[in-house]
Amino acid sequence: MLSEVVELIDSKHRFAITSHVRPDGDSVGSSLALMLMLQELNKDVVVVMRDHIPRAYQALPGARHVQRINRFERPHQYDAVFVIECSDIDRPGLPGLSEQFVVNIDHHTTTIRFGDINWIDSTASAVGEMIYNLCKATGARVTAEIAECIYAALLTDTGSFHFPNTTARTLKVASELIRLGANPARISRAIYYSQPFSKLKLMGLALSSLQRDQTGRIAYLAVTQQMLALAQATEEDADGLANYPLAVADIDVVLFLKEIRPNVYRASLRSKDAINVAKIAEYFGGGGHRNAAGCTVEGQLEEIQRHMVEKLQEALMSPSALHHRSLRPLEEERPIDAQRIDRG
Ligand code: 5GP
Ligand code: MN
């Protein structure tokens, strides 16, 4: 818990920080904020990650100091390693991590208590919110740079303050961060309005693959290696595409598949709250949050889509999902044989 983390920081000196493979805005923002906070406290600290920092987050303060590593060199290489928003100890993709003193800091509901210290707060909208509390608890000064990194974490993990994890506390912290020097327009511009042309071309291809199931409530789309080549896009250009179909009124759940190798797909699940997609992701060996989760699956694209859509349909039909649905006006219900869009 928080007091153990504060005590550890007080009593130790050499720290490393890591997060999951293919880091997102919360992983990067929170890791950098924690790094800058520990530097404020005159600690020796480094951020280490297996994967590179996505382009959208490279402008964040401290991002160029992140070191890419493949493993930890030796047991107890650091006094402690902070592991940010990882549901299990394998998520950072770094062998040797289990031979370190591990501090697990997370806000996922599906997380395992794999750390020597575990600080889990599932009420936090982002780990960034927890890091803000940690700054308060350690008495570290929240500099404009720290504020910027935490703001980026909140902004991205709440889907620009759209998702249901956005709370009064999230906005209160965001407001304080702005007062402390975070510039919302500049951060949003760096993250959302600085995309390469290839990203939009890829979006066009992916959106033309959009389909929905017979109920009209589940949308599914994919990015294949062929589409990446056509758009001259990188895998990173596919980030964020999973959210778009939620723009449709009747769509409750989205399944986005990205081909990372022949017959291997990264699945991203998104929901408007009708169901807990973390449960579905867990069923397929992954995890995540109620409204955003993911996993890696093998097989033919159509086969994976059929199987995963079937599981999502089951979840939507379960009593708890029906309960959620009954909170909405009945006119919103669609006939079971609602028209189906095939292949754009
Ligand atoms: P995304 O779809 O953006 O890759 O991931 C959405 C959320 O699900 C993130 O919070 C991420 O941490 C979690 N997530 C994605 N993939 C996996 C996975 O393979 N395993 C686990 N445990 N969580 C995942
Ligand atoms: Mn997060």
Side-chain angles (χ1 to χ4, degrees), residues 18-31 49-54 56-57 83-94 97 104-115 120-130 152-160 162-166 191-192 199 206 219-223 234-246 253-261 264-273 275-298 304 308 312:
T18 191
S19 188
H20 53 80
V21 290
R22 299 163 194 272
D24 58 19
D26 192 20
S27 333
V28 178
S30 298
S31 297
M49 303 243 190
R50 197 199 71 177
D51 290 342
H52 77 281
I53 303 295
Y57 311 120
V83 180
I84 303 293
E85 71 148 18
C86 290
S87 47
D88 61 70
I89 199 156
D90 298 325
R91 284 279 286 151
L94 295 173
L97 179 56
N104 169 14
I105 303 184
D106 196 13
H107 70 134
H108 288 80
T109 47
T110 55
T111 202
I112 298 169
R113 298 179 70 84
F114 59 80
I120 318 287
D121 180 359
S122 57
T123 70
S125 60
V127 172
E129 212 174 285
M130 300 171 69
L154 299 189
L155 181 72
T156 52
D157 245 32
T158 59
S160 305
H162 293 186
F163 297 159
N165 60 346
T166 309
I191 296 176
Y192 299 112
K199 183 168 175 115
Y220 51 104
L221 72 167
V223 159
T234 62
E235 258 185 49
E236 201 178 310
D237 288 330
D239 287 352
L241 286 177
N243 298 324
Y244 282 91
L246 292 177
V253 190
V254 180
L255 165 63
F256 171 72
L257 291 163
K258 176 170 76 177
E259 188 179 23
I260 54 174
R261 289 194 297 280
V264 180
Y265 290 83
R266 279 281 315 147
S268 287
L269 292 162
R270 297 292 185 271
S271 114
K272 275 183 193 155
D273 232 15
I275 57 167
N276 181 355
V277 287
K279 289 265 188 288
I280 311 288
E282 265 183 90
Y283 175 86
F284 288 98
H289 305 279
R290 182 178 173 86
N291 300 110
C295 55
T296 303
V297 277
E298 266 189 74
I304 294 169
M308 293 191 76
L312 291 166

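Order of appearance sets the numbers: ligands from 1, and atoms from 1 within every ligand.
- Within 6.0 Å of OH in Y244 there are 12 or fewer heavy atoms belonging to other residues, nucleotides or ligands.
- Near G288, with a cut-off below 4.0 Å to any heavy atom, the atoms of ligand 1 are 8 (O), 13 (C), 23 (N).
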Practice prompt. With salt bridge (Lys or Arg N to Asp or Glu O under 4.0 Å) as the test, would you mind laying out the steps for E235 and R266 before giving the verdict?
Written response: CA-CA 11 Å; E235 258 185 49; R266 279 281 315 147; over 6 Å; no
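- Atoms of ligand 1 found under 4.0 Å from any heavy atom of H289 (numbered from 1 in listed order, with element): 10 (O).
- Considering backbone and side-chain atoms together, G287 places an N or O closer than 3.5 Å to an N or O of ligand 1.
- Contact annotation: R270 has at least one heavy atom less than 4.0 Å from an atom of ligand 1.
- Scanning both residues, T123 and E129, for their nearest heavy atoms gives O-OE2, 4.4 Å.
- Among all heavy-atom pairs drawn from M130 and I105, the shortest one is CE-CG2, 3.9 Å.
- One distance of note links NE2 of H162 with CG of N291; it measures 14.0 Å at 0.5 Å rounding.
- One option in C86, A293, S268 has a heavy atom closer to atom 8 (O) of ligand 1 than any other, and that option is A293.
- Close N/O approach between D88 and ligand 1 is not found [any backbone or side-chain N/O within under 3.5 Å].
- Not a single heavy atom of R22 sits less than 4.0 Å from an atom of ligand 1.
- With ligand atoms numbered from 1 in the order given, ligand 1 contributes 16 (N), 19 (O) to contacts under 4.0 Å with heavy atoms of C295.
- Ring geometry, H107 versus H289: the interplanar angle falls from 30° to 60°, so the pair is classed tilted.
- Contact detail for L241 and P245: the closest heavy-atom pair is O-CD, 3.7 Å.
- In this comparison of H107, H20, R266, the heavy atom closest to atom 15 (C) of ligand 1 sits on R266.
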